[in-house]
Amino acid sequence: MSKRYLITSALPYANGALHLGHLAGAYLPADIYVRYLRLLGKDVVWVCGSDEHGAAITIRAKKEGVTPQEIIDKYHELNKSTFDRLGISFDYYHRTSALLHHETSQEFFLKLYHKGGEFEEREVEQYYDEDFDQFLADRYIVGTCPKCGHEEAYGDQCENCGSDLSPIELANPRSTLSGKTPVLKKTKHWYFKLEKHEPWLRKWIEEGMLEGAPHHDPRAWKRHVVGQCLSWLDGGLQPRAITRDLPWGIPVPLPEAKGKVLYVWFDAPIGYISSTRQWGKEHGKDWELYWKDKDTTLIHFIGKDNIVFHCIVFPAMLKAHGEYNLPVNVPANQFLNFEGRKFSKSRGWGIEQHEYLEEFRDFPNKEDALRYALIRNMPENKDTDFKWDEFIDFHDKELADNLGNFVNRVVVLSNNYFGGQAPQSGISLKDALAEVRALAQALRTEIDSFNFRQAVLTLMEISSWGNTYLQDVSPWKLHKENPDDPAIRDCMYVSLQIVALLSLLCEPFIPFTAPKVRRLLGLPPIERGVLQEAFDKLEAGEPLLPVGHPIGKAELLFAKIVDRKDDSRLQIVNRQREKLQQVMAAEQPAAAAAPAKAEIQYDDFARLDLRTGVIIAAEKVPKADKLLKLTVGLGPEQRTIVSGIAQHFDPETLPGQPVVVVANLAPRKLRGIESQGMILTAENEKGELQFVSAPKGWGNGLEVK
RNA sequence: GGCGUGGUAGCUCAGCUGGUCAGAGCGCAUGAUUCAUAAUCAUGAGGUCGGCGGUUCAAGCCCGCCCCACGCUACCA
């Protein structure tokens, strides 16, 4: 058993709010795990924080006419307080703009730099803005995409066609700072030689071996995590740039690196370290024990988009540094979808965490209702779907009908029969609670192996066991026969023990409800280590709630959503469903006016030679999913045109299809076939294509103007 | 096309290194019950474990091929 634990959750990027998928992916599971460890009295620290560097933040600031600092302050505060309100119980929520983080990152960089062999320097040509006197990050350059002609393509990527670009490829490059044409200048950057770490990384991930000794059980890692890592390793690792020419970020601590900062991906994971340092500073603890001591277990909670980073890149950095522990597990979750689609802020699909809290402000137990629904559907091994229907079912049928109702029955019966005291009983708890103990034990194992969905079901099994038990004994029947029947006292005594156990076991999952159950039972608030004590008592056959212990008055834990006497809660949920209806309704009229391209002159248009044509033959291009090789008749002439429409049309149906062709487009080879033109199509909002053409039989090779 | 992960009862999903692994929850049907939030409990309904081959005494679980979904990636002149 490990002496102490260090848990991390992915640092949220401080330029936006987080939605329910984020919560279910990296924060809620970690919260369950950490709360559970605390209940067991383990020495555990859970760190997180805002990731506040990177070009995206400066660009956003520029667009909104504010400083980057204002952006990160806004979202740091928003995310931090939202987490807090949802009961996400970080030990420390730091931020990477903090001085301590800058120092930590620079120290880390220098350690690798002075060690030698980890970095390489490369001279590259990069665009430079002479007005602003600085090199331009890829994102600071826009220009015409060489692939699709989109005029607002970024230096690293064209958002129109999705191509990955290098700034050098752009036609008409412009600086987003000055708007002027940048000049190419030489600049130097440092690269982390990731590839040299490949051999040990493979052994570490595949076999769990590190430096010849067992480090972790590779079978305990999720399959998709190992799979993706090995896939990456098979693809061969490349050196990764770790510096940028940017004014926003952590300065590279070398005299020759003026104006350069650490690339955000390098400094962000070090944020875990600096967050721990800051925590140690404020709590008088030695942070290094948590990162460097062999008896510390390090676990990263992340979403699947971060797998490679946390399983390959960051471990390589830590190993290169030499003093740090490597993660024992990286239980990455897959993605949560929302009512059948991906979360999409721009399309209004989904709900953000702070929005939920706002919309559900009048919903009792809103935090636990949400947490429970997310846990039950947590994307542990594959993408899952959040649905309001299920939200209602989980809440009403499991939290209210099963758990809440059981607690209520026990409290009410205790009050009715014994005046609100735990009754006298000589029953052997060891025997009576044998099955409950086994379930509790199973729950432990499930949390230990990061199976939170199963764990919460096991929790429900315990209260379900209690319901069945009550039904079997039926103390209300016995009471009619003989109110002094000792079986009644035994039954209620045992039931009270189960509720007491539930008050602890449920805390990691529904921490807002647990204290209420404690109060109902007249038990003290939950403290670190109480679950371990409870387990010990159970093993010894001792009560968690002794004879004569005063019980509080009954109170409902969960007010059902579907309730014939009060539909206020249902209305709150229904408003969310209506919102989705509206979003879908708004999509129908395809309203979106085409995003206007820049104005052109008639001459620009006249340079196009557009012709009518007809498809004579069509076949799939081998080894390409999207490409069709078309033979198109343009009057007397025949052309070969390769077009990316294979996913929209069956080649067999195409011969005879009239089309319009850009006839004077420069030829280009695609998958080894020369394409001599381009077919025009129109795409609707669903992404479906239709050909643009004159009516069938109108004629081929005719000019279109 | 390459790589990764999935394809198990109407729905949502568990099934670890092959032999009580054919399961859970919801839904459905019938019955019991009233302490409780129209809650609870019992019983049942038979899914060829994506398809086809193969290895094995024995295969959802191993191998090969194929189909489908999702993700990453290449190709949408």
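Each chain gets a letter, A, B and so on, in the order the sequences are listed, and its residues count up from 1.
Considering only the side chain of A/W476, B/C35 comes nearest among B/U12, B/C35, B/A77. For A/N377, counting side-chain heavy atoms from C-beta on, the closest listed nucleotide (B/U12, B/U5, B/A77) is B/U12. With B/A77, B/A14, B/U12 as the choices, the nucleotide that has an atom nearest any side-chain atom of A/I641 turns out to be B/A77. Considering only side-chain atoms of A/K480, the nucleotide from B/C35, B/G25, B/A77 that sits closest is B/C35. Listed nucleotides B/A39, B/A77, B/G27 differ in distance to A/D401; the shortest reach to its side chain belongs to B/A39. Of the candidates B/U5, B/A36, B/A39, the closest approach to any side-chain atom of A/N408 belongs to B/A36. When distances are taken from the side chain of A/Q471 to each of B/A32, B/U12, B/U37, the shortest belongs to B/A32. The A/N467 side chain lies nearest to B/C41 when the options are B/C75, B/C41, B/A39. For A/Y417, the listed nucleotide lying nearest its side chain is B/C35; candidates were B/C41, B/U37, B/C35. Taking the side chain of A/E398 as heavy atoms from C-beta on, and the options B/C13, B/G25, B/C35, the nearest nucleotide is B/G25.
Ion pairing between a basic and an acidic side chain is recognised when a charged N comes within 4.0 Å of a carboxylate O; A/R202 and A/E198 show such pairing. Between A/K387 and A/D389, none of the side-chain N atoms (NZ, or NE/NH1/NH2) sits under 4.0 Å from a carboxylate O, so this pair counts as no salt bridge.
Look at B/A32: its Watson-Crick or wobble partner, with both distances under 3.5 angstrom, is B/U40. Pairing of B/G4, defined by two Watson-Crick or G-U wobble distances under 3.5 Å, is identified with B/C70. B/C52: Watson-Crick or G-U partner is B/G64, with both key distances under 3.5 Å. The pairing partner recorded for B/C26 is B/G10, the criterion being a Watson-Crick or G-U wobble arrangement whose two distances lie under 3.5 angstrom.
The residue A/K342 sits close only to the backbone: its heavy atoms come under 4.0 Å of sugar-phosphate atoms, none of a base. Among the heavy atoms of the strands, none lies under 4.0 Å from A/S449. Residue contacts shown for A/G404 include a base, since a base heavy atom lies under 4.0 Å away. Residue contacts for A/L413: at a heavy-atom cut-off of 4.0 Å it reaches a base atom on one of the strands shown. When heavy atoms are screened at a 4.0 angstrom cut-off, A/V410 is found touching no nucleic acid atom at all. Nucleic acid contact for A/Q676: none, since no nucleic acid atom lies under 4.0 Å from a heavy atom of the residue. Within 4.0 Å of A/L470, counting heavy atoms only, lies no atom of the nucleic acid at all. Residue A/K382 is in sugar-phosphate contact alone, with no base atom involved, counting any heavy-atom pair closer than 4.0 Å across all strands shown. Using a 4.0 Å heavy-atom cutoff across all strands shown, A/F394 reaches no nucleic acid atom at all. Contact annotation for A/N405: base contact, defined as any heavy-atom pair under 4.0 Å involving a base atom.
Listed by chain and residue number, A/H22, A/F343, A/E352 satisfy the side chain to side chain contact (heavy atoms under 4.5 Å, CB included) test with A/H19 (two or more places apart in sequence, or in another chain).
Considering only side-chain N and O atoms, A/K304 lies nowhere under 4.0 angstrom from the phosphate OP1 or OP2 of B/C72. OP1 or OP2 of B/A77 sits under 4.0 Å from a side-chain N or O of A/S643. Using a 4.0 Å cut-off, some side-chain N or O of A/K560 falls inside it from OP1 or OP2 of B/A39. Taking 4.0 angstrom as the limit, A/R223 places a side-chain polar atom (N or O) nearer than this to OP1 or OP2 of B/G6. One finds a side-chain N or O of A/S464 lying less than 4.0 angstrom from the OP1 or OP2 phosphate oxygen of B/C41.
An anti orientation is assigned to B/G6, its glycosidic angle lying beyond 90° of 0.
Inspection of the A/K222 and A/N329 side chains reveals no N or O donor paired with an N or O acceptor under 3.5 Å. Looking only at atom types and distance, the side chain of A/N700 has no donor-acceptor partner in the side chain of A/T612 under 3.5 Å away.
Figure legend: cation-pi geometry between A/R577 and A/W388 absent, as NZ or CZ is not positioned both under 6.0 Å from the six-membered ring centre and within 45° of its axis.
B/A22 and B/G60: their P atoms are spaced 9 Å apart (whole Å).
In this entry the distance linking NE2 of A/H224 with C1' of B/C3 reads 16 Å, nearest Å. With rounding to whole Å, A/N337 atom CG is found 16 Å from B/C13 atom C1'.
For an aromatic pair to be called close, the ring centres must be under 6.0 Å apart, and A/Y493 with A/F418 fails this.
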